[in-house]
Amino acid sequence: MISRIVAIALAALALVPFALPSQSLVSLAFLAVVAALLGTGWNIAGGFGGLTSFGHAIFFGVGAYATALLQARHGLSPWLGLPVGAMLGGLIGWLIGVAAFRAGLRGSYFALVTLAFAEAFRVIANSLDYTGGGLGILIPLRPGLSSFQFADRRTSYALALALLAVALAVSAWLRRSRFGARLAAVRESEDAARALGIEPLHVKAAALALSGAITATGGVLYTQTYLYIDPTIAFGPERSVEMLLVAMVGGAGTVLGPLLGALVLQGITEGSRALSTTPGVAPMLYGLVLLAVVGLLPGGIVRLLRGRAA
Amino acid sequence: MTLEIVAAALVGGLLTGGVYALVALGLTLIYGVLHIVNFAHGSLLMVAMFAAWLLFARFHIDPYASLPLVTLVMFAFGWVLYRFVIARISRGEDRAILLATLGIAVVLDNAALVLFTGDVRTAETAWSFAMVEAGPLLLPAAKLVSFGVALALGCALWLLMTATDTGRAIRAVAHEPEGARLVGIRPARTFALAYGIGTGCLGAAACLLLPSFYVSPQIGHVFVLVAFTIVVLGGMGSFPGAVVGALLLGVVESLGGLLLGESLGPIGVSLSFIAVLLLRPQGLFGARA
Amino acid sequence: MITRRNSLAAAGTAALALPGVLRAQPATVKIGLVHPVTGALGEGGGRCRLGGQAAIADINAAGGIRSMGGARLDALLGDAQGRPEVAASLVEQMAEQGAAAFTGAYSSGLGLAATQAAARTGIPFSIDSGIADSLTGRGLANVFRFFPANATFTNDAMTALEAINKAAGSPAKTATLVHEDSEFGTSTAKLLAAKLPPIGIEVKSIIPHATPTRDFTNVALRIKSEKPDLVMMTNYPGEYTLLARTLVQQRVELAGLYSVSGGGFNLKFAKEQPQVAEGMMDFNHWYNPKDPRAPAFRKRIEDAGGVFSWEVLFGYFAIRLLADAMERAGSADKEKLTAALASSTFSDHFMPYGPTKFEGGQNQGAHASAQQIQRGDVAVIWPDRFADAKPAFPRPKG
């Protein structure tokens, strides 16, 4: 019940940037929504699936580069970036999932292999001429609907909200669907699941694929908004850690967790920045607050909504 | 590409592997045995290197001479960090431990930035340029020392874990905390001890790295992925495995750089890691889980 | 009795008095400084910010912007953290906080995002560091770069090398290029590779490397086997220092080292590693050593405990350019300021530049210089009119 109230409150909050004239507020809201989108994507595999991943930047980067390459190398409409990016993200998620789970990887092993894959993608993107190598890809500035660039940030924000809504809907669907139940069963005990006739490999790989597809849409949105992508921005470990943090601090395995996590972490970042401009102080405060939040709210911020009982 | 260059790449790879082993041995204990994904490993190495650098820059103590002190200080630091920060915050829960080490890494990295600024600093000691001639090859003396110490440290840790009560206690606690408690071993204290030993190893590594490297708040990140790769490659928790794995990886990286170029070369590390995880997750010397 | 004439007179007197009230409190003009000061790019970004803050302090100490009634400059500081989205967000926030102009953003990637965000608001942006030609090549009317762009920079690097080589009897006929493999190194190396053959230097090979690279033995050995006359590097401080040291360790014999945008070439390197640094040449940004204000500025930065480097210079003059334009415009209004920048002839500086003239936002008069570490200090060796030492080239053998 409290979750529903919070959800409605958040929805109302989401509309505020439309009402106010401030561009920077829209910009900050946009960042928060993209972070929430990426965190929700992570959460599908990492939270609902119990498949903690340290390399989710793979999917973000694939989406980001897909839309960049479609425009820059093939002269195609950037709007294709969304479906193409999502499909590629899903496909790569499936492939990595099958490879990793067939080898029996789980827990930290799985997490580390995703990290290694992300790093491999980064090095490859850095070395190929096709992806622009270290120079990355710069999208020419051409505001207009057909070039998927918006002069008003509010339009980007609206689109981000739409994508987030889809991601949240998928998360909610996971909670009550058959597939979600199978995923939960596999997460709790693979042996028991197998006894029930569920094939863990397929279920987990499917979850990773779904996660990958959603995360990739975040990447597409990023490229179309900031118009520049390079291997580190796309596949760097910082990107992966961010997604992980948002979901885990917010509450992995819940629908609203990543969204709350994104808001709180963004708030901490902006707040600490306001306190000091000496290089390093703000991130240090962020780290300290992070430690405090993790210590005081095991299980994530979302637990606040439900009381201490899990 | 002459035979000489290939030979040099091989030997160079082995020596670099020695350096990697130093960093990975501590992680072998922390991640390999305790299964703590220590996101703070790189940052702790950086702290140790700054400590060694400070002793050199302010008090003119050669890093090789300050090694015992730095090791002890880092041991204490790691012990305190685990006992009073990580354990308190996480209450033993895996996910929370991960987030805690992540938070610590952020705090340490930026504290270093505040205290020392982002400047790259070096410590030129008598060992920085000393070269040893081995046939047609010129080998950096500092790297030979690291190599030797890595082997020695690997042996020492292996002995510690297999032949001492402390080592047995650590292994027991990692394997079966409840059972360990039943026989009187205190898990929290033991974990802290193990984490401290792992961090102490980083202290030694730092002193050996400093003459041939540089220090900046970012320096730890340079070694992290490699360290994790080695721990898994060696076989989680196996110290001889970590040393062998490190040497192997050093050679792979060196030959990879030679064949693929220094830009694509680093993919050798990621690909090796992926290959090990997919084909032989127990690593070279580990037992099948 | 208040008659209409009286009240009008009273109003008139009051109106005359008002500017006096205003004049007693000079306005502040806010300038947004957007740089990465944490993370991997924090070292260089921090120095750009330092330079910018020094400039603001100097301008305020000299009475502020006189044509605006002594208006003082106020710095809005932002940490871009190495992420373009943060840089863009900072620009937007600062715009709303009333920033009249921006400077930044150390790296080209950050600069692209920041200048674009500023373009939406029409607020002028004075680029400090970031040599990508695309920064001023996108047709954004509010973007100005006082410092050289990549194309001019590398052209000049070649002219300088040709002159230095010729003066020594052309001992350098071959070169190996080593560069870090991201945007910074790759774009520079590409340009160099095209421009070396025309000045009579054959490129033996181009060796890209990752940032970070932990060991350069292979690269050094490869260079040793190729036996080029010159090694030309473009990379960041850590790798620059490591490679330079490894070349010495492996006893690679060269006529000289000529880096182009060598990241580690600075006074600290010269002082801390004399064995390695002596004789190394770098084509990079530096001040005009013949202007006494330059060494004085350097001393001031060092005395305050900072490391003096070109990033500090750039951060400094990016602001000075803005202040100069504000003086001429008599206003911080964005349109007037943009127009004043476009027609700027800013000359009150100690950079080794020709007359300031902006075309498409790029200062045509901006040039870098060739420097060499001689006796633990940085000397300018080209162009002649700014040089304070002769090049020591080629290296004595053995």
Side-chain angles (χ1 to χ4, degrees), chain A residues 46-47 50 52 54-55 96 99-124 126-128 133-134 237-238 241 244-245 248-249 252 276 278-300, chain B residues 31 35-37 39 85-86 88-91 93-118 217 221 224-225 228-229 231-232 236 260-261 263-282 288-289:
Chain A
T52 307
F54 294 160
I96 292 180
F101 302 132
R102 189 157 281 164
L105 295 181
R106 60 189 68 174
S108 64
Y109 286 98
F110 173 73
L112 287 173
V113 89
T114 59
L115 181 64
F117 270 110
E119 181 58 17
F121 271 66
R122 190 192 65 78
V123 174
I124 293 173
N126 207 24
S127 316
L128 293 177
E238 277 173 3
V241 166
L244 181 162
L245 264 184
M248 286 175 80
V249 169
S276 168
T278 310
V281 175
M284 205 166 78
L285 289 173
Y286 176 93
L288 289 170
V289 175
L290 180 64
L291 287 173
V293 169
V294 171
L296 295 169
L297 293 167
Chain B
Y31 176 52
H35 293 290
I36 294 174
V37 180
F39 271 125
V85 182
I86 299 176
R88 286 269 159 90
I89 288 180
S90 66
R91 277 160 262 189
E93 208 252 296
D94 273 350
R95 268 198 171 160
I97 292 181
L98 197 144
L99 290 178
T101 58
L102 189 57
I104 289 172
V106 170
V107 174
L108 290 176
D109 284 349
N110 288 288
L113 189 62
V114 174
L115 290 173
F116 297 104
T117 80
H221 304 298
V224 170
L225 182 60
F228 273 101
T229 309
V231 172
V232 177
M236 302 277 278
L260 299 170
S263 187
L264 193 55
I267 208 173
V269 174
S270 325
L271 288 180
S272 306
F273 200 15
I274 293 171
V276 171
L277 283 169
L278 294 181
L279 301 172
R280 199 186 156 86
Q282 73 271 34
R288 261 204 183 274

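Throughout, protein chains are lettered first and strands after them, A, B, ... in sequence-line order, and every chain is numbered starting at 1. Worth knowing before you read on, the calculation uses all heavy atoms, side chains too, and leaves out hydrogens, waters and symmetry mates.
- B:V114 touches chain A through backbone and side chain together, each having a heavy atom under 4.5 Å away.
- A:T278 does not touch chain B: none of its heavy atoms, backbone or side chain, sits under 4.5 Å away.
- For chain A, the option among B:T117, B:D109, B:L98, B:V85 with the highest count of heavy-atom pairs below 4.5 Å is B:L98.
- Counting heavy-atom pairs closer than 4.5 Å to chain A, the top-ranked of the candidates B:I86, B:L99, B:L113 is B:L99.
- Looking at heavy atoms from C-beta onward, B:S270 lies out of side-chain contact with A:F121 at the 4.5 angstrom threshold.
- Of the listed residues (B:I274, B:L278, B:V276, B:V269), the one with the most heavy-atom contacts under 4.5 Å to chain A is B:I274.
- No other option in B:D94, B:V107, B:V106 has as many heavy-atom pairs under 4.5 Å with chain A as B:V107.
- At distances below 3.5 Å, not a single donor-acceptor pair connects side-chain atoms of B:R95 with backbone N or O atoms of A:T52.
- Proximity to chain B involves both the backbone and the side chain of A:L288, based on heavy atoms less than 4.5 angstrom apart.
- When side chains are defined from C-beta on, A:I124 counts as touching B:I267, because their heavy atoms get closer than 4.5 Å.
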Which is it for A:V294 and B:L102 under the side-chain contact (heavy atoms from CB on, under 4.5 Å) test, yes or no, and what are the steps along the way?
-> CA-CA 11 Å; A:V294 171; B:L102 189 57; over 6 Å; no

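- The candidate with the highest count of non-hydrogen atom pairs below 4.5 Å against chain B, out of A:L291, A:V123, A:V293, is A:L291.
- At a 4.5 Å heavy-atom cutoff, A:L285 makes no contact with chain B through either its backbone or its side chain.
- Between A:F54 and B:F39, a ring centre-to-centre spacing shorter than 6.0 Å is recorded.
- Distance check: A:Y109 OH to B:Q282 CD gives 8.5 Å after rounding to the nearest 0.5 Å.
- Residues B:L225 and A:L115 have side chains in contact (heavy-atom distance under 4.5 Å, counting atoms from C-beta outward).
- Put simply, of A:R102, A:M248, A:E119, the one with the most heavy-atom pairs under 4.5 Å next to chain B is A:M248.
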Could you give me the CA-CA distance, side-chain angles and deciding distance for B:L277 and A:F117, then say whether side-chain contact (heavy atoms from CB on, under 4.5 Å) is met?
-> CA-CA 11 Å; B:L277 283 169; A:F117 270 110; over 6 Å; no

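- Atom CE of residue A:M284 and atom CG of residue B:L115 lie 7.5 Å apart, to the nearest 0.5 angstrom.
- Residues B:F273 and A:V113 form no side-chain contact, since every pair of their non-hydrogen atoms from C-beta on lies 4.5 Å or further apart.
- Nearest heavy atoms, B:P281 versus A:A103: CG-O, 4.0 Å.
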